[in-house]
Asks: 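What follows is a single structure, and I will ask about it in a moment.
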Amino acid sequence: MSDFTPTEMMTIAAARQLTSKDVCFVGIGAPSAACNVARLTHAPDITLIYESGTIGTAPDVLPLSIGDGELCETAVSTVSVPEMFRYWLMGGRISIGFLGAAQLDRFGNINTTVIGDYHHPKVRLPGGGGAPEIASSCGEVYITLKQAKRAMVEKIDFFTSFGHGEGGDHRQRLGIKTKGPTLLITDLAIWRPDPETKEFVVRSLHQGVTREMVQETCGWTVRFADDLEETPPPTHEELETLRALNERTRLAHSGGKAA
Amino acid sequence: MSDFTPTEMMTIAAARQLTSKDVCFVGIGAPSAACNVARLTHAPDITLIYESGTIGTAPDVLPLSIGDGELCETAVSTVSVPEMFRYWLMGGRISIGFLGAAQLDRFGNINTTVIGDYHHPKVRLPGGGGAPEIASSCGEVYITLKQAKRAMVEKIDFFTSFGHGEGGDHRQRLGIKTKGPTLLITDLAIWRPDPETKEFVVRSLHQGVTREMVQETCGWTVRFADDLEETPPPTHEELETLRALNERTRLAHSGGKAA
Amino acid sequence: MGKIVPLQQAVAENLKPGDTVAFEGFTHLIPHAAAHEAIRQGIGDLTLIRMTPDIVYDQMIGMGLARKVVFSYAGNPGVGLLRRMRDAIENGHPRSIETVEHSHSAMAQAYEAGAAGLPCAIFRGYKGAGLKAVNPDIRSVICPFTGEELAAVPAHRPDVTFIHAQKANRRGDVLIEGIIGVQKEAALAASRVVVTVEEIVEDFAGLHPNLCILPHWTITAIAEVPGGAHPSYAHGYYDRDNAAYLDWDKVSSDREAFAAWMQDNVLAVGPEAFADRVKGLRK
Amino acid sequence: MGKIVPLQQAVAENLKPGDTVAFEGFTHLIPHAAAHEAIRQGIGDLTLIRMTPDIVYDQMIGMGLARKVVFSYAGNPGVGLLRRMRDAIENGHPRSIETVEHSHSAMAQAYEAGAAGLPCAIFRGYKGAGLKAVNPDIRSVICPFTGEELAAVPAHRPDVTFIHAQKANRRGDVLIEGIIGVQKEAALAASRVVVTVEEIVEDFAGLHPNLCILPHWTITAIAEVPGGAHPSYAHGYYDRDNAAYLDWDKVSSDREAFAAWMQDNVLAVGPEAFADRVKGLRK
């Protein structure tokens, strides 16, 4: 398929990284779409957990909020929120946590708290929610983000959640035992941290994307892998699955009325 | 009624102390019988909680164990054991905790752990179970016990649960905010702590019981209240309720077969 | 305890100016009707606790009733930012508010500790997180067995917690089903608990023994308000009004539009308005 | 994960000599069949964790398979003392055992902390209690907000936890109903989890969303053993065999009677014997 949007590519590229063995802590938006596309295609046995307490959920449409009724109705079990954070997240049972970002730096540190000074913010963002502990408790963290210079910055205004800090072994030095951000999927590229410095390096460009396009939408000087690849475009099945899911979602959220 | 056993009197005297407003943490044996007699007579709205997680239970027969099916089937809600100890006991929601004792001293300190040295015990008793925190977390503690010199001792071998310690304000000095033992009901008498010293003082003798009988079955020198009373004997209703409960229990636990 | 009264009375008797209050609900069962009643009664100077302050706190903040908000995620779920809350924080309109910010994990465990009567919650969290530097309520203890540094936050102990639930029975026991969130903990952590319910039934006979039930003696007051969670939802009764959440983004983006909306939809009506709002959302 | 296998295999593959193991159940759903299988396989040198070691640990201790017991109440519920455990502690027969003794509250919270991946549990407890002086695993931390001294105990992290449950489905999800005790926590705290169930059903369609379910990926192995809790009971399946608990007091009071009983009722039979034992107890 060659007729797809960058957001569709981002979602499908993220979906491909998931397997039936994964237990994912899912956020709303692109992560939710990616996880459910994976479940509906190559990873039917993937376990999806939303922080509202819904474990092993299999929604037919994407939830608008983290606690839509659909999640509970299709879950294996729905537990309290304290239990969710204690036994399931902190208990180390989640293999992959998905995070988005208002601001992201090259080491996978994320800001969703404020733009500007914390005490006198220019923009008060929603805050971290589950992110501070998702970042440290999940086996690894996948980040999805649409590229933009204001989003991918040299220095984030606030450390909502810790990625690789200053890079290198900063996580280990803080006593964090999990891997942290191991994957960044944007609308333009797939990035992975350098094994040593932990700086995100572009490993694969989506079809039709140039190095310049990546650099122009990123606030730091981008490193590209020597063996830079091209992301395979969405297959027919992937794209149809995602679009059908989005269409079902649109219909459900507009009360079943076609727009 | 004048034809009753000392154990029946003990159970009924304990039952009388309870009201519909009480929330009781119930142990097996005499406390369970007392609480259920209260529920079936003058305190129909009393809340009975067993440490197995059964809240607001109303068993038709007395449980043999702390977690009989009957407790769950008649409960308002059955929660996990960690929740029971965290939200319900430690949370300070229990007005009255009942404790028994293998050894008891005059200050309401209880031993159910060992006879003899802890590390080389003469008799290894079951241990404290919930008692250490029942003693400190319930609003007040009622103790029931059949009098015997080996049970009511000058000095207990082990502090399984703390009553009034050395007496006086010892509880407060340890930072314990609850009242501790406020009532001791034996097969012979009703005891309450002296307001100052916290030593148990006999306030009421059961019908037909003499001071000598109390002293002969107690290992410390007994103090009697100046205004010593006589415990009203069981009423017809009380005794019939208790006996019917015991009979239903006997039948149920023998598989419905009359012995 | 657990007496069944009109919502006006339940709020008037249990919420006082200056109180620390939690209107809890995690997307599901958000007690909108109770919050609107508090707004109508103009009870102010409140410290508002909630994991996910959303529309309902945006409204209370926009009406100037909050002096402090303790929270972990302040957004309109699935839509965007909270514009009245932003206006208060960024511009001090209609008054400036203090914020105490935590992670979800910390907030959930602070309620849990409150329910357990503990002074603090202790957990593995906030590693490398910036909130530690700006919230003096985030401290630490050392595990006496492993030497590991663990995060500590004070327990939540609201003066009063408001929740919305599916059912109460005549005795005043309350049933919560579906996404139960942190409501049991928020209720048990509070000095007083006010519950709005979809309906009052005779008794709970036949329920599964392990459901989330708050016994009557843990509840201060119950008010029957069908639809009382709208635009949030009540599992088994009606769906989430997603359009209302989207609309809120527009209403709240303008101070005058907000004021007009509050006049028409909150100040000029009563709790009985909620039943109508969910008519088209019932299953 | 959650593979369905015969009990012999589930025990052989998951319990090793020297392991720290919890066979949990709070009066209800005690995994007798699994423990008997462990006894038949002669897996020894075990550290046994359980809030309420009762008949089943009395049997394991009497057979010399335990080197250490971590517990809070060692009794035959509603009957009396544990005579084989006493013989081990008081007389070193058949071998001496180490004991680590806690309160129920501490044990429950130690499992809870284990399930939460924490190194320790922190709570208000052990005030004035003698166990503090004899158990070096009871320590304290100071609340960094109030200065209050709180008790601390290490989290339980068994190598393997055995539980008995009502149902598993084909995928390996496990349902526990009724008095759920500390089984979810004991399972989630362990490295490996073995579950015996009354029956395996096709799926769990139609269950209430808030029931106690362990998802298949948290379970190592499942074995179908109808009656596997006997003489304990399984809510919805069969009643507690109170007579068997009373009988145990006699059997266990004599070393030879004990040995003969174990030979006849454990060593010489297999897990299939349990179905017969509960026939007269089914509702």
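Letters go in sequence order (proteins before strands), and every chain restarts at 1.
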Asks: With heavy-atom distances below 4.5 Å as the criterion, would you say the side chains of C:Phe145 and D:Pro154 are in contact?
Replies: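 Heavy-atom side-chain distance check passes, below 4.5 Å.
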Asks: Please classify the contact of C:Leu211 with chain D as side chain, backbone, both or neither, using a heavy-atom distance under 4.5 Å.
Replies: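 C:Leu211 touches chain D through side-chain heavy atoms alone.
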Asks: Can you confirm whether D:Val141 sits close enough to C:Pro144 that some side-chain heavy atom of one is under 4.5 Å from a side-chain heavy atom of the other?
Replies: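 Yes. Closest side-chain heavy atoms under 4.5 Å.
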Asks: Report yes if some heavy atom in the side chain of D:Ile180 is under 4.5 Å from a heavy atom in the side chain of C:Asn210; otherwise report no.
Replies: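 With C-beta onward as the side chain, the pair touches.
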Asks: With chain D as the partner, which of C:Arg139, C:Glu148, C:His235 has the greatest number of non-hydrogen pairs under 4.5 Å?
Replies: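 Winner by heavy-atom pair count: C:Arg139.
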Asks: Are D:Cys120 and C:Ile122 side-chain neighbours, meaning at least one heavy-atom pair lies under 4.5 Å?
Replies: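 No; the side chains remain at least 4.5 Å from each other.
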Asks: Tell me, side chain or backbone of D:Glu177 under 4.5 Å from chain C's heavy atoms, or both, or neither?
Replies: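 Contact with chain C is through both the backbone and side chain of D:Glu177.
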Asks: Please identify, among D:Ala116, D:Ala121, D:Ala152, D:Gly178, the residue contributing the most non-hydrogen atom pairs under 4.5 Å to chain C.
Replies: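 Sorted descending by pairs with chain C, the first entry is D:Gly178.
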Asks: As an exercise, state the distance from CG of C:Leu207 to NE2 of D:His208, rounded to the nearest 0.5 Å.
Replies: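 C:Leu207 CG to D:His208 NE2: 7.5 Å, rounded to 0.5 Å.
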Asks: Nearest 0.5 Å please: distance from the CG atom of C:Leu118 over to the CG atom of D:Leu150.
Replies: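 Answer rounded to 0.5 Å: 6.5 Å.
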Asks: State, to 0.1 Å, how close D:Gly117 and C:Arg124 come at their nearest heavy-atom pair, and which atoms those are.
Replies: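 Distance-wise, the nearest heavy atoms are O-NH1, 2.6 Å.
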